[in-house]
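Note sheet for the following structure.
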Amino acid sequence: MNKEIIEKYKKAGEIAKEVKVFAKNLVKENASVLDIANAIEAKIKELGGEVAFPLNISINEVAAHYVPSINDKKILQKDDLVKIDIGVHIDGYIADTAISFSIGDNSENKKLISAAEEGLNAAIKLIKPGVSVSEIGSVINEKISSAGFQPIRNLTGHNLDQYEIHSGLTIPNYNNGSDIILEEGDVIAIEPFATNGAGIVVEGRNGGSFSLIENAVVRQGRDIMKHIQTEYKTLPFAKRWLDEKFGLLKTNLFLNSCVRKEIIKEYKMLKEQNNGKVAQAEHTIIVLDKPIIIT
Ligand code: MN
Ligand code: MN
């Protein structure tokens, strides 16, 4: 990987780190999830980054893909376990990182959060060219299980490429028996999820974000399509962003039609099957003999 690209990843990572510190002050009892998402996305831009995907703010049994809607009234409550998943890019080079918070002093939340973080830290120690993804999954599972919880088996880490968040490789949160190995220059996100539920997520209703699958000529909403192609390319975007710019009615018609034609993909909310609480921790790492943890 050339130096210039490494620098872009590092810059995206520096911004993501600063945004996590910023987030810590926003995530508190009675805060609105919509205000938090707007503030964090604005902060990313203020620091010179681009938003790689809408801020995900998923609470309790919702493991991922909750993106606030334009008139979202949800507020954070005592004992909520809140996951903030942040994406920053520079020229398409993405830093993907997540952090979990407990609202108030809830001991189960705190145990879940440290289980996810310990899983992540143990996994990071293993990273070098040649290690298999199942070895990484194995240590994640060990840490989470020894804390008395389950890893979520059908959510995984992944590799990243320019303007691509999930580009082929998956990194499991348990030993899935894969003999696929990490190679020098891979950029990967490792993201353990720990739960006191069953360890499986199922799809719920639409979570508020979408992404373009293929460039297509549309009859209605050409301006929306053009906006997506120029501003987001194949990266996920929030329905809220389109609602603000094009209005709800036009946006709904456009998205419904494009999802039906499979031009645009919708991201459903992912909930823990038994409504267990879920904690997540995530870093983006460049795989080298001396790995670089960019976030
Ligand atoms: Mn993430
Ligand atoms: Mn990720």
Side-chain angles (χ1 to χ4, degrees), residues 9 12-20 22-24 27 33 36-37 40-41 43-44 49-59 62-68 81-90 92-101 113 116-117 119-121 123-124 127 133 136-137 140 151-174 182 186-195 201 207-211 232 234-238 265 267-271 278-287 291-295:
Y9 274 116
E14 286 306 318
I15 293 169
K17 275 192 237 180
E18 208 169 324
V19 169
K20 275 193 282 191
F22 177 72
K24 196 175 177 176
V27 177
V33 296
I36 293 171
I40 290 179
E41 290 166 4
K43 187 74 176 177
I44 292 172
E50 300 283 338
V51 177
F53 52 81
L55 186 86
N56 281 231
I57 175 163
S58 308
I59 302 170
V62 180
H65 294 171
Y66 187 95
V67 172
L81 200 174
V82 184
K83 294 151 293 283
I84 298 281
D85 198 332
I86 298 163
V88 179
H89 80 86
I90 300 287
Y93 299 104
I94 303 160
D96 178 6
T97 187
I99 182 167
S100 298
F101 300 99
I113 294 168
E117 287 174 352
L120 177 59
N121 292 337
I124 286 173
I127 291 177
V133 296
I136 295 172
I140 291 172
I152 291 186
R153 286 163 195 266
N154 58 343
L155 286 176
T156 67
H158 49 93
N159 66 331
L160 298 134
D161 213 331
Q162 192 180 20
Y163 289 107
E164 274 185 74
I165 295 173
H166 294 98
S167 72
L169 186 72
T170 59
I171 298 157
N173 290 321
Y174 68 105
L182 299 184
D186 281 343
V187 181
I188 57 168
I190 297 189
E191 49 185 309
F193 290 81
T195 181
V201 287
S209 65
F210 295 82
S211 68
Y232 317 132
T234 50
L235 294 173
F237 56 86
K265 171 191 163 98
Y267 296 91
K268 307 266 198 193
M269 250 171 11
L270 299 172
K271 298 174 85 168
V278 180
Q280 175 198 18
E282 179 178 26
H283 278 307
T284 298
I285 302 119
I286 304 176
V287 179
I292 306 172
I293 302 159
I294 67 163
T295 52

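It should be emphasised that the depicted structure is a prediction, and the values quoted were computed from it without experimental measurement. Whatever order the structure lists them in is the order used to number ligands and atoms, beginning at 1.
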Step-by-step ring-ring contact (aromatic ring centres under 6.0 Å, His included) determination, H89 to F53: CA-CA 9 Å; H89 80 86; F53 52 81; over 10 Å; no

Metal site the Mn ion (ligand 2): N/O/S of E191 inside 2.8 Å: yes

Side-chain (N159) to main-chain (H166) donor-acceptor, under 3.5 angstrom: no

Opening angle between OD2 in D96 and NE2 in H158, taken at the Mn ion (ligand 2), to 10 degrees: 90°

Closest E282 atom to the Mn ion (ligand 2) [N, O or S only]: OE2

Sole residue of I86, L55, V19 in side-chain contact (heavy atoms from CB on, under 4.5 Å) with E41: L55

Atom nearest to the Mn ion (ligand 1) - D85, N, O or S atoms considered: OD1

Reference residue I190; test side-chain contact (heavy atoms from CB on, under 4.5 Å); the match among V133, I136, T284: I136

